[in-house]
Amino acid sequence: MPALTRDHSDWVKVDSIIDSFEAKKSNLIAILQKVQEEFRYLPEDILTYIGTKIEGLSPATVYGVATFYAQFSLEPKGKYIIKCCDGTACHVRGSMPVYTSLKQRFGLEDGTFTSKDGLFTLETVSCLGACGLAPVVVINDKVYPQMTTDAMKIIIDTILDEEHSA
Amino acid sequence: MGTNTININIHEEQQRAEESIKAQGLRVLVCNGTGCIANGSNDVIAKFKELGADVSILTQHDKVTIVPTGCHGFCEQGVLVIIPDLNITYVKVKPEDVEEIVDSHIKQGKPVERLLYTSPQTGEKVYKNEDIEFYARQSRTTLQNCGEINAECIDEAIAKHAYEALAKVLQENNPEAVIQEIEKSGLRGRGGGGFPTGRKWRFTAANRGGKSYVVCNGDEGDPGAFMDRSVMEGDPHKLLEGMAIAGFAIGSDEAYIYVRAEYPLAIKRLRIAIKQAEERGFLGKNIMGTDFNFEIHIKEGAGAFVCGEETALMASIEGERGMPRPKPPFPANKGLFGRPTLINNVETLANVPDIIRKGADWFSSFGTETSKGTKTFALTGEVNNTGLIEVPMGTTLREIIFDIGGGIRNGKKFKAAQIGGPSGGCLTEEHLDLPMDYDSLIKAGAMVGSGGLVVMNEDTCIVEVARFFMHFTQSESCGKCVPCREGTKNMLKILEKIVRGQGEMKDLDTLEELAYAVKEGSLCGLGKTAPNPVLSTLKYFRDEYVAHIKEKRCPAGVCSALKVIKIDESICKGCTKCARTCPVGAISGTVKNPHKIDQSKCIKCGACVAACPFKAIKQA
């Protein structure tokens, strides 16, 4: 998990992200995407900073945008982000049993999405556009087609093995 | 204004591109779309290269080139490898199959039979591409090049006539004629509403003079639709050319493509395509030596379905919360950054180059009286052949599901097809012969939408599907309009109640009442159409709602709260396996005697059903 107190280099990073988008108000979403890529989530102090640094924005506006879009998270995310597609095609072909099995495995209660060890974040997405391969699960941008609960178990086992041996 | 002289001879460029493609020798086309990548197409390509198929090998062919292409549409059968010399498609190719393809097909000209497609109807192997039902009945125009060219190489697109239409309009230098041609073609918006494209262009062109924008809506949010993704990934130049022609017609010099963040490959390939087109002078400043400038930017979305609504999408490009605003003013008068804006979806713009190049009459020769051209559909769900298809407007549902789709999988019965995503409706058996065009579908209470077509069989619970869509629109409602924000929430609550078996008959009336209130009281398309799945399922499958409410029974056996698991005493051998498996001790019985399930204890987990070696336990 990233440190909660921020050192100087973090602010340098944020500044360079803002500058790379010319500190333009219309680039706010792209700036937030880059910040999230860098820090794995959107820390509140950075949101406030962006709101004061860019002309025409306020911290409240930035917070409003950050909480509007599904892609943004104000909580730290896990090392592995698991996106279970629950689009229509995936839903009809049984995406929910896969999701539920993962939720149980990570011991996630309703309203929590990241496992206690900070390793996995479990999300649903509405459609990844790979409907021909339903149900689809994406782990850190790698697409796993035609998933079943058994196949998912093997994939998670493999990730855990790699983590433990690393 | 007279005609322009352009400094590019597009036909010469085409010839050069064609020659460079000829010099590649035998082109082995390996699908490299999102679907096939997930199935391992990068490994297949690597294996081909490792075996030296990329350089000349001693074969009947002087040279072999492996071409990674865009999506062929037949995603389920991926990885697809197409070798044109024998006109053969290999399906479900794995890296370990590559050696055999190289040795047998490429070196000796003998097809590898075991990797051919098997027809689900006849059970026989299909040798020729055109005999695969999935492709045989399609009319691919927008998607024509997807799957035939390497999307990351502009020459391959040029050989397929890319930028020929742009050269034509720049040379003729008559924006009015371009708009007239689009009007004459009868092209209508492919993103959902079906608004005549030419008219939209005319409205925007009326504000010619100052700064204006072209915006391409690539926020393909409908779950179950992926045609725009395929075009952006597989033939990006077609889209870019369509946008440039639109820009020329309305007098705009700047454009945005708004792409969902869920489509990283589309974003990557569009970026490459824009760069290559700029280098060749097809985009950017002084295009083809004329005074027409056109710059295209890409904006990544951040995951909000409502941004498919044009005013919300523009707010999002401006960096704000993607919330819709009332119309008028229409984007044609006051759109992006307050300037006149033309906003069209990906598929609509991708139709433009062919209309200009082949003429409006060619385009309108496809389709029906009021819906011209072809339409792509994402055919998914419980059909044998799932994937992306393109057919003339007005093709019937029966042809799509049973001819192209190869029928319902596992010999099950067709129940319904959900069209148009969460804004659309259900079509049932009585609609199988309905022509699929804008107006017939509206009349049937559905809509073309973006073209997502999810087929459901007898095992799908319609009420659960309605709940699913309501859950989707409820969580995607931006919250601006109270009827949408609160109405969808309450409709969802009622549906959840019915699915749990706690519904009452009066809930159905409330549901309908709320549905009309949400439709009437919402500003944008999301709210206006959110109740459609509920209304259409209530219309065609009311008996299923009633079964859930009155009999506390789910006819499809999906809703877990209403499931009943029973042991067939005539089959049960009394092996006790189920009793030992049951996690809550709900099964009792003695050895060699039929067992019983105590329904008050049963949690419907289904563990016993899976455990029974005699298939004596059934779920209803």
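Model, not experiment: these values are computed from the prediction. The sequence lines fix the lettering, A, B, ..., with proteins before strands; numbering per chain opens at 1.
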Where does [X] contact chain A at under 4.5 Å (heavy atoms): side chain, backbone, both or neither?
X        : value
B:Phe337 : side chain
B:Ala225 : backbone
B:Tyr263 : side chain
B:Gln418 : neither
B:Cys307 : side chain
B:Ser475 : neither
B:Glu300 : both
B:Asp222 : backbone
B:Val306 : side chain

- Message: Taking the side chain as everything from C-beta on, heavy atoms only, tell me whether B:Thr386 gets closer than 4.5 Å to A:Arg93.
- Response: yes

| request: Measure the shortest side-chain to side-chain distance between B:Asn39 and A:Leu133 over non-hydrogen atoms and say whether it is less than 4.5 angstrom. | output: yes

Inspect the surroundings of [atom1] in [X] and state if more than 12 heavy atoms from other residues, nucleotides or ligands are less than 6.0 Å away.
X        : atom1 : answer
B:Lys415 : NZ    : yes
A:Tyr144 : OH    : yes
B:Glu496 : CD    : yes
A:Lys153 : NZ    : no

Under 4.5 Å, counting heavy-atom pairs only, tell me which of [options] racks up the most with chain A.
options                                : answer
B:Phe226, B:Phe468, B:Phe472, B:Phe469 : B:Phe468
B:Ser316, B:Gly479, B:Gly421           : B:Ser316
B:Gly301, B:Ser230, B:Gly303           : B:Gly303
B:Gly322, B:Cys71, B:Cys75, B:Pro264   : B:Gly322
B:Glu220, B:Glu464, B:Gln77, B:Met227  : B:Glu464
B:Arg229, B:Glu76, B:Arg321            : B:Arg321

Heavy-atom closest pair, residues [X] and [Y]:
X        : Y        : result
B:Met323 : A:Phe68  : CG-CE1, 3.8 Å
A:Gln71  : B:Ala261 : NE2-CB, 3.2 Å
B:Thr380 : A:Cys131 : CG2-CB, 3.2 Å

For residues 19-34 of chain A against chain B, heavy atoms under 4.5 Å, the residues are A:Lys25, A:Ser26, A:Asn27, A:Leu28, A:Ile29, A:Gln33

> When you measure from the side chain of A:Ser126 to the backbone N and O of B:Pro223, does any donor-acceptor pair fall under 3.5 Å?
Replying inline: no

When the 4.5 angstrom heavy-atom criterion is applied to A:Asp86 and chain B, the contacting part is both

